[in-house]
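We use all heavy atoms of the structure for the numbers below, so side chains are in, but hydrogens, waters and symmetry mates are not. Convention: sequence-line order gives letters A, B, ...; per-chain numbering from 1.
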Amino acid sequence: MTDIMGFAINFAFAGLLAGLALAFIRLCKGPSLADRVIALDLIAFITIGFIGVFTIYSNATAFMDIAITLALVAFLSTIAFARFIMRLPQSQSDEHSDSGEKS
Amino acid sequence: MEFLWCLVVGLMTACGVFLMLERHIVRFLFGMILVSNAINLAIFVAGRLTRGNPPLIASDALLPAAGYANPLPQALILTAIVIGFGLLLFTLLLAYRAIKGLGTADMDKMQHAETEQ
Amino acid sequence: MNLFLLNILLAFGWMLLNGNYANTDFTIGFVVGFFALLLTEPFRNKPHYGRKFLAALKLLVVFLYKLLTSSLQVVWDVITPTHLSHPAIIKVPLAVESDLEIMLLANIVSLTPGSLTLDVSEDRKFLIVHAMFSKDEQSVIDDIKTSLERRILEVTRD
Amino acid sequence: MQNPILKLWLAFCTLLPLGIFLLIGASYKPPESLFYWSWIPSLDINFSLRLDGLSVLFASLISGVGFLIQLYAVAYMKPYKGRAAFHLYLTLFMLAMLGLVLVDNLLLLFVFWELTTLTSYLLIGFNHEKEISRKNALQAMLVTGSGGLAMLAGLIMLGEMAGTYSISAIITQGASLAQHSWFTPSLLLILLGAFTKSAQFPFHFWLPGAMAAPTPVSAYLHSSTMVKAGIYLLARMLPVYGDSALWFTLLCSAGAFTALWCAIQAYRQTDLKLMLAFSTNVILGQLVMLIGIGSSYAVTAALLLIAAHSFYKAGLFMVVGNIDKATGTREYHELAGLRAVLTISFIAALVTAASKAGLPPSFGFLSKEYLYKAGLEFGWLLSGSMLLANAIMVALGLLIIIKPFLSPHHEKAAPMKAIEHNQLLWIPPIVLALLSVVVPVALLNWYQGLVIDPAAAVMLPDTQVKTVKLWEGFNLPLLLSALTLILGIVLYVVYPRLKPRLDQLMSGLPSGSGVYQCILNTVIKVANWQTRVLQHGHLTQYSLQFFIVLLAFLGTALWKIVLWQVHPLPSIELDLYYYDVILAAFLVIAAFVVVKARTLLLAVAALGTIGFLTTMVFLVYSAPDVAKTQLLVETLMVVFIAIVLRHLSAVNSVPKHSTSRRLVHACVAIGIGVSISLALWIITATPMNQEISEFYAQTSVSGGKGRNIVNVILVDFRAFDTLGEAVVVVIAGLAAVAVMAGKRINKLVSESTRENR
Amino acid sequence: MTQWLLVMPIFIPLLTATACAFSFRKQSLSSVISWTGAIANLLVAILLIQTVIANGLQVTAFGDWKAPFGIVFVADLLSSSMVLITAIIGIAIVLYSTADLRSKPFYAIYHSLIHALLAGVMGSFLTGDIFNLYVFFEVMLITSFGLMVLGANKAQVDAAVKYVVLNLISTMVFLLAIGLLYGATGTLNMADLHAKVAELSDTTMMLISGLFLFGFAIKASAFPVFSWLPASYHHLPSAIVALYAALLTKVGVYALIRVFTIVFDLVDSGYQPLLIVIAGLTMLTGVLGAASQFNIKRILSFHIISQIGYMLMGFAIYTPLAITGAIFYIIHHIIVKANLFLIGGFLKRKQGSDNLRELGGAYSAMPWLALLFLIPAFSLAGFPPLSGFWGKFLVIKASLQTEEYLLAATALFVGLMTIYSMTKIWAEAFWKPLPENAPAPVTLSWQENCLYITPIAALAVITILIGFMVEPIYQLAETSAMNLLNPQPYINAVLGGDSISHTAPLSANGIAGGSH
Amino acid sequence: MMEWIVALCLITGVLFSFFSALGILRMPDAYIRMHSSTKAGTIGVGLIMMAVALHFNDTSVISRAVGIIAFILMTAPVAAQLLGKSLLMNNYKMWRGHQQD
Amino acid sequence: MSSIIFRTSAHIVTVLMLVFSVYLLLRGHNNPGGGFIAGLITVIAFALLMLAETTDYVRQRLVYSPAAFAGSGILIALLAGLLPLFFGQPFLSGLWWGKIGSPLLFDIGIYLAVIGSVLMVLLNVEEELS
Ligand code: NA
Ligand code: NA
């Protein structure tokens, strides 16, 4: 592996993982359900990217199938969440409508 | 590198176990998902880790490339994942039924079975 | 007819996936695609399939260009410290009618600068769009109708 | 008696003991095995029957008295329902008892021992609709059962000491067993069995309780047979344990005390049946004492007393049964003038009571003489206590005869009806009364040759037994007999005044059945408490228990490793890339987010993230198939959760555990987590044996015809796992539908579209 | 022949289950299929044990991949006799259910699940591979979940939650243990593990075996991890609870015995003293739990625990005699406990309750049932010469031989309390007159009566037979125990003698191998 | 030469992805965050896939990469649209930015 | 949930997924994939279709009940395992005729079993809960 590829790959890993971190923060922060879902969707995208980079890095093309699979299924979970939000009775924020625990 | 993942397995298990002890039945389920993920990971780690060399044989070869990853734990985890999926799916719907039928998600309030009739 | 075409396409897709271009693969792909279509029956009202290759290509190029610029626009807004946007929700009247057309337009609108499809009205007459930079609503509408909808109609209609 | 089958059955039940009695008589040629069948050779349990002097005494009593009892019961049980079953139980009981005295194998003896417990349970509880019957049946069962279980341990120990379970073989080893460390424990345990069965103090109380049974049962089981099982066992064990001082001390003290104590109890009763029941305890005590003494006289006395008691006690019980039948009561105070309706019974009563009181020339007198002879060898204490007990027996004899039969009938007394037109009600007691006199007077030599000599040869192999005579001239025992008689009469006379004072005196003392009830209640209380503690119904507490146990398991092993340095900890080899660390960190953070999430949806989203992250981990470490499956499964799971959660939003929120409880949870969880980490680390630090995986790699193409080794494992090398896994998934599907569907399960599973059905 | 024989105990029930599932709407058809399957199963089981007795241990390697590379099924005396008993119980339950559950809407799916459960149980008995054991445990577990929630009411759902939650803990720990074991040894075949485990350090072995012990202890419902059993069993339909009571916990004990003889050595693992304590406390807590109950099913459920204690006791003592006793006890207990639950179910059907306070009069109303109850009840209570006595006798004898006096005393006390419980049921349900406010007993058609009584009577007859044919069963149990304590022949048979091909390095071209 | 192109694609793709993530963190409301994730995310993944395709230059890889890009182009806007619709249905309050009205 | 845009694209995506799943099934022996993975992707495809349309639509497309799929899957897997026994080989041995072999048949059985069981749950959950 040449220097430029090495750099690019390392940059890619770092950048994607940093992106993952940011998206994850949004996932935790919410505040609405939709925000979390958007973040999760983006995490799926970033994961697809990570798989791509790792495919280049490891030279094992078999990993590409995982990327396809991920692209397929991430769509489903986003849709399912979207529907979840849609069917919720009242509010835009999940903090009230959720069946969480109270302390 | 196994050490790192040993640590992760332990921490994930700890989180999972903690959740499994909570009163909300759905949280128990989440704990179970965590623990079962952690255990799959544990099997994976126990079979030793190999970076970037999947146990596949190229179409012109009879053996996988040297230093290939241990395929057996992978097969075991596949089985365990699928079995775990079945169990979790059932548990999820049982939780649903319990919440709907018993009117509470609190596992400690589910006291219908052991009160003397 | 269009199903048949789609079927052929799927067979080619199959070969692509396999990275293998023999007759047997085409046959398998065709059979697999046939059953897949049979199971899902995707288009109940049939759009026309003509020789719209050029129109489609043009649409694609425009679309890719818009996608790139829109991305850059978003990125710029992200990295600059102040929020530049003036968001609004806009109803865009539709000339397109079929499901496929509506879908294409909606998706392309979503992926182009400053606009994001939120819904199609119940009567399928309007596209509800969230516009990021909508100082002037009409310009947004015009932009969508001229640069996108027209091109789609060129592809999908005779 | 219309039912011919019932008739036939009753005839069979009656004639069976007679046949056995005759068979025993015909085949008795001591000391030979009658029969040998190797039942369970591996356990040294052989069905070998031996008929020696001791066995023949018991066996003939069991079958002979059994015959009379069956006869009597045919008449007595006529109005009862379920009499066929009654005779069945009685017959079974008799067979068990016969087996007990005939077998030459310790374990087989135990088998029959327990069978007598079981059948007697059914007999005692025969009047099962009454609560007292059920209660007393249980009491008898538990008391004799607990003794029996202790005895089992004792018998096993004895068998192990001797290296055989054959009784005759053990006896030949005799005193040599005394050196073994199990000698004393086995002795104690066997005594526990014998004492409970033979109703020795403090286990005596079940026997009067067993009087809840119909009278034929009392006559049979609780006079002449079952309670003698313990006596039989003690007699059998005499050659093994007889030399031990403990044997002597325990048997003599328990026997003597039981005799005295129960004599006083008998004296206090007003129910005639209970009087007899307690006096049975007295005789049992005397028998135990005699076997404890184990001298030549004592053995002779015991052998005489066993037979004498069987005759007169069975007879007396039958008479009491007749009284009950004629008047509907057995209360001493309510009975008078019975001679008028129970003429023949009265004669039987008179003779048997004389035997009980020990008047010459009855069998009772003879046995009492030898009792005193045996007692006198060991000083005045034993003899004195026996004298008192026997005096009370005299008083009881008088009590039973004089007021109920001889006093004139008066208004307050229970009304009477004639019952003696049924011959079967009086023939058996008369026969027994006859035997009580005929044997000592006319058949003594015959008895000596048939029973005493051979039985004594079994019990005291080295001792010559003296010839028994009814009349041996004026001697000390005779004097004691006279004294007994006088004292007895005195006790009879003072009975009206003494009884209330005795009652007053003894009312404060705890009764045996009271203690039993108290123990039973305590056990039940402990059981309830324990169950409340262990099975409290709080699920999370169960889970916590389970996890604590798991932590204990893991902790003990790791404790050894970490603190005691049994196993040196492996060094940490860090062969890491930064993305490993970041992925790991994310995984852990995401897991924490699931824990800390205040809303379920955030937890679900974090779980989804964990799914993606684990996918990446599997990807990085070369497991594409796993990564894919993980991804798909996780996504589907999230979809399912999303679908389900949407419908649970209306559910009330759930309170959390208290902070301290959560702290405990955290500690347990962290403990388990750390332990698992450590365990995994220790295991992965050693090199791995991968020969199986190598085999798979080498054979995948040639044998499995596949290039994806993981898949070849799944569908070929270990396809069987995959089959099972598919079954799991399908059944999980069914189960999931079932849990949701409730009663519409079939419809839900089988329908292909909704409208069509 | 072996190839056929060994797979049929799994194949037939799975096929039957599938066939039952396909005949959803035709109750009678699914009944017939279910019966046929159960009978076929019994025939195969008989054939299997005959073969094992005649020709010794039988092994088949699935896919023709020899151990340790592939999965093997091993039928030795122990496993084939367990399969036989399972088949017997299977028939009894299927017959009984035809009477008891026919009216229920879940009838067809029920038969499917029963057969799947039987497959799981028999697979667990036969497998020679530890991961495969896990798979069959899961088949069993998920099927038991399914059966548990069929037509469930509130209480049943609650019971199911407890059952599921606590059993899942066991499952996960079991899986973890397998993972660690594989990581430490690199193999999954139990015979192959024997030698490789012996090379592990003591602490590693203790660690891994501790996890196995914990997992199996839950499955077997040992103290202190039995809570799931009394929390759930009594709400199940009798046929199902009979099946569970007979088989599920015993599979746990069986697995414990297998794994701690062939894979680990109980003594070497360091858990023997602990197991002895566990056994004693299991007996004690179980029997005391039973003493505090007034519901037939609850009493019987708690007694499962106490009797598991006997089995564990036999195993923990770890002498040939003790293990013989444990095996004898398992065989006896499967038959007897199933029968008692079936009788309890029949009483419930007649009277609409299984609470002792609401029952009564059965002795007068159904004397034949009383007799049929007496046999298993007093067998369970350990009255000789019924089957229960011999197992108890053997373990007590063994405990005395090894000078475990306290354990022996506990076992004896527990025996006494078992007598108490059984007589309690007898006195309350049979002897006591029917309470005045109780409803009149349901009258059943003679066919229904027959279907109820046939399995009950058959099992009672088997109980008596076991009691009287002690010698052959003792021989069987003793041989099994000797085989367990000296597993070398088993290992040789599974791995194909001393010349184990896999220890030799394989040629690099990948053509060589242990298969074909 | 090809390496440089691949590296360029990779780096720009990653940058887009990163900014997309930054966008959803920084942007003021869910609608605008969706703009960010949909557009920048799509192009980011697209570029990375292009890099993969170019790197391997192998039909099976190219076809898969193209498949992924096409698939994402097809699904990402739909997902965004559904989420948007759900927000609309829940009367999600839009951030009005610096508009006067 | 009835969004024209989603419905239309869901149809296309479903077809793609189905094709992809069969591809994974058939190629699984040589590349990552196989019955389980393929089955799960099929399930996801139909899940998407279900979300876009209705459960009845999906049931009609499937023709047979999901339980029938599951049952036949298990049946096929069992028979694939039994087949070698008739050739004197142990249960589940690989029999190969060129590129077609009993392991492939076995994998198809697994594929169907997964599809059937998970879809059965999915459709019923959706129907019961709405
Ligand atoms: Na695969
Ligand atoms: Na093979």
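Options F:A40, F:S36, F:G41 differ in how many heavy-atom pairs under 4.5 Å they form with chain A, and the most are formed by F:G41. Chain F forms more heavy-atom pairs under 4.5 Å with one residue of A:A39, A:A23, A:A74, A:A71 than with any other, namely A:A71. When each of F:L83, F:V45, F:L88, F:I72 is checked for heavy-atom pairs under 4.5 Å with chain A, F:L83 comes out on top. Among the candidates F:L22, F:L25, F:V52, the residue making the largest number of heavy-atom pairs closer than 4.5 Å to chain A is F:L25. Among the candidates F:I48, F:I24, F:L10, F:L8, the residue making the largest number of heavy-atom pairs closer than 4.5 Å to chain A is F:I24.
Residue A:L70 does not touch chain F at all, counting heavy-atom pairs closer than 4.5 Å. For A:F7, the part lying under 4.5 angstrom from a heavy atom of chain F is the side chain only. Only the side chain of A:T78 has a heavy atom closer than 4.5 Å to any heavy atom of chain F. Proximity to chain F is limited to the side chain of A:F75, based on heavy atoms less than 4.5 angstrom apart. Residue A:I48 touches chain F through both its backbone and its side chain, counting heavy-atom pairs closer than 4.5 Å.
One distance of note links CG of A:L16 with CZ of A:F50; it measures 7.5 Å at 0.5 Å rounding.
Side-chain contact between F:M2 and F:L54 is present, with heavy atoms from C-beta onward closer than 4.5 Å. Within the 4.5 Å cutoff, the side chain of F:F18 has heavy atoms near those of the A:L22 side chain. Contact annotation: the side chain of A:I25 approaches that of A:K29 to within less than 4.5 Å [non-hydrogen atoms, C-beta and beyond]. Two residues are said to be in side-chain contact when any heavy atoms from C-beta on lie closer than 4.5 Å; A:F54 and A:I9 fail this criterion.
Residues in residues 47-71 of chain A take part in these salt bridge (Lys or Arg N to Asp or Glu O under 4.0 Å) pairs, two or more places apart or across chains: A:D65-D:K628, A:D65-F:R64.
Between A:F13 and A:Y57, the ring planes lie perpendicular to each other; the angle is over 60°, past the 30° to 60° tilted range.
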